[in-house]
Structures are given as C-alpha cells and as structure tokens.
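Heads up: the structure comes next, in structure tokens.
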Amino acid sequence: MRLAPLFVGAWVVALTSAEAQELEPDPESAFAPATTPDPGALLPDGPVKPLVFAFCDKCHGLAWIERSGGSLDGWTSRLYRMNRAGAMVPVEQIPVIAEYLAQALPERPRPPEPPKQRSGPSFSSSPGESP
C-alpha cells in the first residue's frame with residue numbers, strides 16, 4: 001500500500017503536464033494570436049500618439065487600429081460612435097485624434113466586388129430529358 005501514493009503522485013504530474021501542453025498555442029495555427037514586438041509601431045510619433053494609447057487601447061488593441069483606415073470624416077464619426085458605445089474620449093480631443101489617425105491610417109481602397117452570378121436558364125436536366 002505504500003506504492004499507492006507514489007502512483008497517484010505520478011499520475012497527477014503526468015496529467016498536469018499533458019494539460020499544460022494542450023494549453024500552449026500552436027504557432028502554425030491560423031488562430032494563434034499575432035505577436036507584434038511593438039504595438040503601435042505603425043503609428044507615427046507625435047503629440048497625439050499618447051492620446052491614441054490612452055483612449056483607444058482601452059477597448060481594443062492597437063493592432064486593431066493599425067489594420068483600420070479612414071478619411072477625416074470617417075475617423076471623426078467612428079470616434080463619436082465609439083463614445084456613444086461607452087468609450088470615454090473627451091469630445092474636444094476627437095477632432096485632433098481623428099486628424100492624426102486620418103493622416104497616419106488613411107482610407108484604403110475597397111476590395112473589388114465579387115463577380116455577379118449569371119442569371120439565365122438552369123443547366124440541370126428536366127425529367128424525361130437525357131443529359
């Protein structure tokens with residue numbers, strides 16, 4: 001009976017080790033988190049960059065912002081919309097932040113529309129027709 005605690009201890013160690021291995025993200029996975037050595041690296045330095053860090057990074061990461069783009073009007077309306085959703089960007093800072101983001105992350109061209117599906121006769125055979 002003195003071996004029972006030894007076996008239980010070995011079993012716990014093996015189980016814990018297997019669970020730890022399952023929790024490690026697979027770097028080859030498409031769902032692995034992006035690792036950026038310097039969040040905000042795509043944002044130019046300047047007096048407004050700390051405001052983006054202070055207000056925008058609270059709700060979503062800087063990588064999200066860096067993947068975005070917009071015009072001055074687009075960034076302005078986006079910041080007001082975020083405030084309505086609960087962000088706390090001071091209203092007097094919105095034009096300054098929007099101008100900075102419009103210059104740093106301008107509007108990007110939209111991807112081309114997918115081709116429209118052809119409309120016309122169906123190519124399936126009707127009952128009684130040979131293919």
Side-chain angles (χ1 to χ4, degrees):
M1 289 314 284
R2 293 174 60 186
L3 294 177
L6 181 63
F7 286 122
V8 171
W11 179 76
V12 169
V13 168
L15 181 64
T16 308
S17 174
E19 286 178 1
Q21 288 176 357
E22 289 177 12
L23 295 177
E24 292 179 13
D26 179 12
E28 300 298 321
S29 170
F31 300 104
T35 55
T36 305
D38 181 16
L42 295 180
L43 297 174
D45 291 332
V48 181
K49 186 174 182 176
L51 296 176
V52 173
F53 276 88
F55 298 117
C56 304
D57 195 34
K58 288 184 179 181
C59 299
H60 46 75
L62 293 173
W64 181 271
I65 298 165
E66 290 176 338
R67 287 190 306 264
S68 301
S71 64
L72 177 60
D73 289 340
W75 281 110
T76 301
S77 66
R78 194 177 297 169
L79 289 165
Y80 278 111
R81 185 176 66 241
M82 289 180 194
N83 266 1
R84 287 192 302 273
M88 307 216 23
V89 180
V91 177
E92 67 274 4
Q93 296 293 339
I94 288 178
V96 174
I97 295 172
E99 183 178 350
Y100 168 81
L101 290 172
Q103 289 176 2
L105 304 167
E107 195 167 16
R108 296 182 180 160
R110 292 185 180 267
E113 291 287 325
K116 295 191 180 220
Q117 293 183 353
R118 274 185 32 187
S119 61
S122 171
F123 293 105
S124 64
S125 57
S126 302
E129 288 183 14
S130 60

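Source: prediction; values computed, not measured.
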Donor-acceptor list for residues 104-116 side chains, cut-off 3.5 Å, not counting sequence neighbours:
unit_1: R108; atom_1: NH1; unit_2: R67; atom_2: O; d: 2.7
unit_1: R108; atom_1: NH2; unit_2: E66; atom_2: O; d: 3.1
unit_1: R108; atom_1: NH2; unit_2: S68; atom_2: O; d: 3.4

Is there a path from W75 to L72 through hydrophobic residues (I, L, V, M, F, W, Y) whose side chains come within less than 4.5 Å of each other?
no

In one Ile/Leu/Val/Met/Phe/Trp/Tyr side-chain cluster, 4.5 Å: M82, I65
no

When rounded to the nearest 0.5 Å, the distance separating CZ of R84 from CG of L79 is 11.0 Å

Validation row: L62, V52 side chains within 4.5 angstrom (heavy atoms)
yes

Donor-acceptor contacts, no H, no angles, side chain residues 87-101, under 3.5 Å, sequence neighbours left out:
unit_1: Y100; atom_1: OH; unit_2: P44; atom_2: O; d: 2.6

Which pair of non-hydrogen atoms, one from G74 and one from S77, has the smallest distance, and what is that distance?
O-OG, 3.1 Å

